[in-house]
A.B. asks: 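First the structure, which I've put down as structure tokens, then a few questions once you've had a look.
Since the structure is predicted, the reported quantities are computational estimates derived from the model, not experimental observations.
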Amino acid sequence: MNVRTAVWVGLAVLVVASLGIAGTAATAQDQVIGIDTLPPDNQSDTTRSQSTAAEKSDYVVIAAPRSNINRTELAKYGTVGSQVETQIELTTTETEIRQVENLSWVTATRPAMRSRPIKIPGSSNGTSLGVEPLHQRGTTGSGVKVGVIDQGFDPDNAAVASNVVEARSFGDVTTTGAHGTSVAEVIVRTAPDSQLYLASGGTLVDDQRAIEYLVQRDVDVIVYAQGYPQIADDGRHSLSDSIQTARESGILFVSSAGNYAQKHWQGSFRDGDGDTIHEWTTQGSEANVFPDTTSEFSGPVEIFLRWRDVGESSEYRLALYNPDTESYIAYRNERGETRTNQFVRLAATVDSQWTGLVIQNTAGPPDDELEVVISSTSPQSITYSTAQSSLIVPADSPDATTTAAYEAGSRRIAPYSSQGPTNDGRRGLVTTGYTNIGVNNGLYATGTYTFAGTSSSAPYVAGVAALVIEARSGESSPATVERLLVESSDDILEPGNDTASGAGVVNASQAVELATPSVTISNASVTPATASANATATHELSYKVNNLRAENTPHEFTVTLPADASFNTTTDGLSVVDESGSSLTTSDEVTLSDIDAESDNRLSFQLAQASDRTVDTAIVSLDVDVTYDTVAEPTEMPITLSISEGERPVATESVSVTVQPASAGARPDTLPEPVSTAAFDAVDTDGNKQLSPSEIALAINENAAQGAVGGTTVQPSEFALMITWNSEQYAIV
């Protein structure tokens, strides 16, 4: 086929044009669409409205170090916006930004990147989210703080207003807030008593500031249902840094995977005929038709082409082509770059016609891996697509809990749901949540609107996370919450984790059940179970711990004695084993702590299980030397065994020790008539029989150095002898 129209490629023009109208009802089905030539870059098309130097745009101004930034001076050139570290935003004209570049403290400028909401039209509406039984039992996310970052909100909307604690805007917000409010409403539907902190952003710097703000508010979860198609999905971007900071601050960051599995392509540039135009197939097709080869397309479209230069720098451009009329519809070469990659953006509005995407290599060697993302809501698919590695930034961040979309009605992963792996080889996806959730905020439509896409599944998973955190009394690290979500997920694809669904679909009831403390102590015993006051007793405490699971936070085991008992020493006789008898007491798993500084009757040790296994049962044996204070009569004293996770107690049990009075001074209140102590010649009541020492039972104070019957001289101050004769007790005084 020959190209019959000229192509103009400009750096400053946003193309909004439609030049070709489909003639007959032709079809592109099964056609190999070849394009012989593409007009050179220096030709122009007068139908395109060229931007002027006076039009304002958003830029990022970079300085080093941060202290060099002069906001007052910068304000002379335009409107100063958000700042993060050495980056500060400025809304100004192209002419003014060139002057800003000449300021002594400015090291670089670049166009600001804007995020794109991750949404698609809904297809069905599931009536149950699997959380209703939890709400009925009182698990509603009460006290859990959830932050939401989006391009705007309606915080006074009746669907979310009662949950909103704070709403903060970073940068200019120009949207109605329909998307952000719907994200917030899904959280409220899932965790109706959660507290919402809404942060409006839209640019990369705004979003970083929003994360900083939510970290300062000490939220438990952050939901992010936007994406940056300009940035390569390798985790090496500034949002990853901010997300890492959030996770290190104890915040679970839940990110939408994206809705690009059917409108993403990745592969090497291929040019078999040497015309500089990329061939999408080995058969040589040079136009990637959308939405498919049997339908015409109309409406707005936005496309990003990304690559990372291999060796010598290269340049590429995008064009929309009508294979039926053999004419170009729109084209643009708006270049940009991120920390790790280059990109080109093409935006246009197309009248109804056959529409295909064309890539041309315009400079440098065509030796790069290319990645194409159609970021607009439509089309929903392209003829040649690559589902793998279609995650959208920041879903690629190593510290994000990235969420795919599950259609409960169809019982399947949504076909549009973006997949891993990331460009640097990680699985990317963590889990999957419900999508097609009905919202009633009235911003999209009157009545119930089906909010779909991973923009719906991410807040659903965040809401379930809020229920899990509540079940754990708020004491949960991000790693623990993520683990509970993963372990409770229903595996729906190949066994184990995969790049399309992660661990599977989050099961809210199972997640909360797994999060609810179920640790118990059984078979508790103490040997010996008796002890004497004022004497040192060595007790062996033994007990079994059931349902002990692997945690990032070690379990703390505590032994508490009565107030009138204290540890003399703690022996090395600590043993912790599993049911098979395998020792858990390696040096990095069990740590015996010092005696509590505030009380001398508490002893604690920690069990941090090995990271490569989960132990459901632990058997603890501990030897401890204890001294009990004086008691007047035999007294039962409890020893309490308890387990906690952080500050939260999860199990407790008691065993008892009977403490006997010491012999010294332990005399009955009423004594029988004393008998003679002379030479132990006590006689029976009628005076006729002399008793031998073997007939007299003596109880001698054990504190004495010596003590015996017969032949031993003792002092009354040292001994008190009790004689049992004919079942009667007599004191020798």
A.B. asks: Just checking, is any N or O donor in the side chain of Ser82 or Asp206 under 3.5 Å from an acceptor N or O on the other one?
C.D. replies: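 There is such a pair (donor and acceptor under 3.5 Å, judged by atom type) between the side chains of Ser82 and Asp206.
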A.B. asks: Does the side chain of Ser142 pick up a donor-acceptor pair with the side chain of Thr140 at under 3.5 Å?
C.D. replies: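 Per modelled atom types, Ser142 and Thr140 side chains form no pair under 3.5 Å.
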A.B. asks: Side chains of Ser169 and Ser200: donor-acceptor distance under 3.5 Å anywhere?
C.D. replies: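 Side chains of Ser169 and Ser200: no pair found under 3.5 Å.
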A.B. asks: Just checking, any donor-acceptor pair under 3.5 angstrom between side chains of Ser488 and Asn507?
C.D. replies: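 No pair is found: no donor N or O on one side chain lies under 3.5 Å from an acceptor on the other.
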A.B. asks: Would you call Val468 and Arg472 a side-chain contact if the rule is heavy atoms closer than 4.5 Å?
C.D. replies: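 Side chain of Val468 against side chain of Arg472, heavy atoms only: contact under 4.5 Å found.
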A.B. asks: Of all the heavy-atom pairs spanning Leu198 and Tyr213, show the shortest one and how long it is.
C.D. replies: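 Looking at all heavy atoms of both residues, the shortest contact is O-CE2, 4.4 Å.
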A.B. asks: Please find the pair of heavy atoms, one from Gly433 and one from Thr403, that lie closest to each other, and give the distance.
C.D. replies: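 Gly433 and Thr403 have their closest heavy atoms at N-CG2, 3.6 Å.
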A.B. asks: Search all heavy atoms of Leu429 against all heavy atoms of Ala257 and return the closest pair with its distance.
C.D. replies: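 Heavy-atom minimum between the residues: CD2-CB, 3.8 Å.
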A.B. asks: Do Asn436 and Ser456 get their side chains close enough for a donor-acceptor pair, meaning under 3.5 Å?
C.D. replies: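 No, no side-chain donor-acceptor contact under 3.5 Å.
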A.B. asks: Using atom types as modelled and distance alone, determine if a side-chain donor or acceptor of Tyr260 lies under 3.5 Å from a backbone N or O of Ser389.
C.D. replies: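 Side chain of Tyr260 to backbone of Ser389: no pair is present.
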A.B. asks: In terms of side-chain heavy atoms, does Thr401 have a donor or acceptor partner in Glu482 at a distance below 3.5 Å?
C.D. replies: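 A pair is found: one side chain offers a donor N or O, the other an acceptor, under 3.5 Å apart.
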A.B. asks: Indicate whether any N or O donor in one side chain lies under 3.5 Å from an N or O acceptor in the other, for Thr176 and Asp154.
C.D. replies: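 No pair is found: no donor N or O on one side chain lies under 3.5 Å from an acceptor on the other.
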A.B. asks: Looking at every non-hydrogen atom in both residues, tell me the closest pair between Ser522 and Asn546 and how far apart they are.
C.D. replies: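 Here Ser522 and Asn546 meet closest at OG-ND2, 3.0 Å.
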A.B. asks: Checking Glu212 against Ser242: is there a side-chain donor and acceptor pair closer than 3.5 Å?
C.D. replies: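 Judged by distance alone, the side chains do not pair up.
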A.B. asks: With a 4.0 Å cut-off, would you call Glu89 and Arg209 a salt bridge?
C.D. replies: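 No, this pair does not count.
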A.B. asks: Identify the two heavy atoms, one from Val148 and one from Val183, that lie closest to each other, and give their separation to 0.1 Å.
C.D. replies: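 Closest heavy-atom pair between Val148 and Val183: CG1-CG1, 3.7 Å.
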A.B. asks: Hydrogens and angles aside, do Ser604 and Thr558 bring a side-chain donor and acceptor to less than 3.5 Å of each other?
C.D. replies: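 Note: Ser604 and Thr558 side chains meet the donor-acceptor criterion.
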A.B. asks: Is there a side-chain contact between Val576 and Phe557 (heavy atoms, below 4.5 Å)?
C.D. replies: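 The answer is no, as the side chains (C-beta and beyond) never meet within the 4.5 Å cut-off.
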A.B. asks: Look at the aromatic rings of Phe451 and His179 and report parallel, tilted or perpendicular, splitting at 30° and 60°.
C.D. replies: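 Phe451 and His179: perpendicular rings.
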A.B. asks: Could you give me the CA-CA distance, side-chain angles and deciding distance for Val559 and Val624, then say whether side chain to side chain contact (heavy atoms under 4.5 Å, CB included) is met?
C.D. replies: CA-CA 10 Å; Val559 177; Val624 59; 5.8 Å; no
A.B. asks: Using only atom types and a distance under 3.5 Å, with no angle test, would you say the side chain of Asn259 pairs donor to acceptor with the backbone of Gly453?
C.D. replies: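 Not a single qualifying donor-acceptor pair exists.
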A.B. asks: Does any non-hydrogen side-chain atom of Asn601 lie less than 4.5 Å from one of Pro562?
C.D. replies: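 Not in contact.
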A.B. asks: Can you check side chain to side chain contact (heavy atoms under 4.5 Å, CB included) on His264 and Ser418, steps first, answer last?
C.D. replies: CA-CA 9 Å; His264 163 271; Ser418 291; over 6 Å; no
A.B. asks: Any side-chain donor paired with an acceptor under 3.5 Å for Thr422 and Asp396?
C.D. replies: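 Note: Thr422 and Asp396 side chains miss the donor-acceptor criterion.
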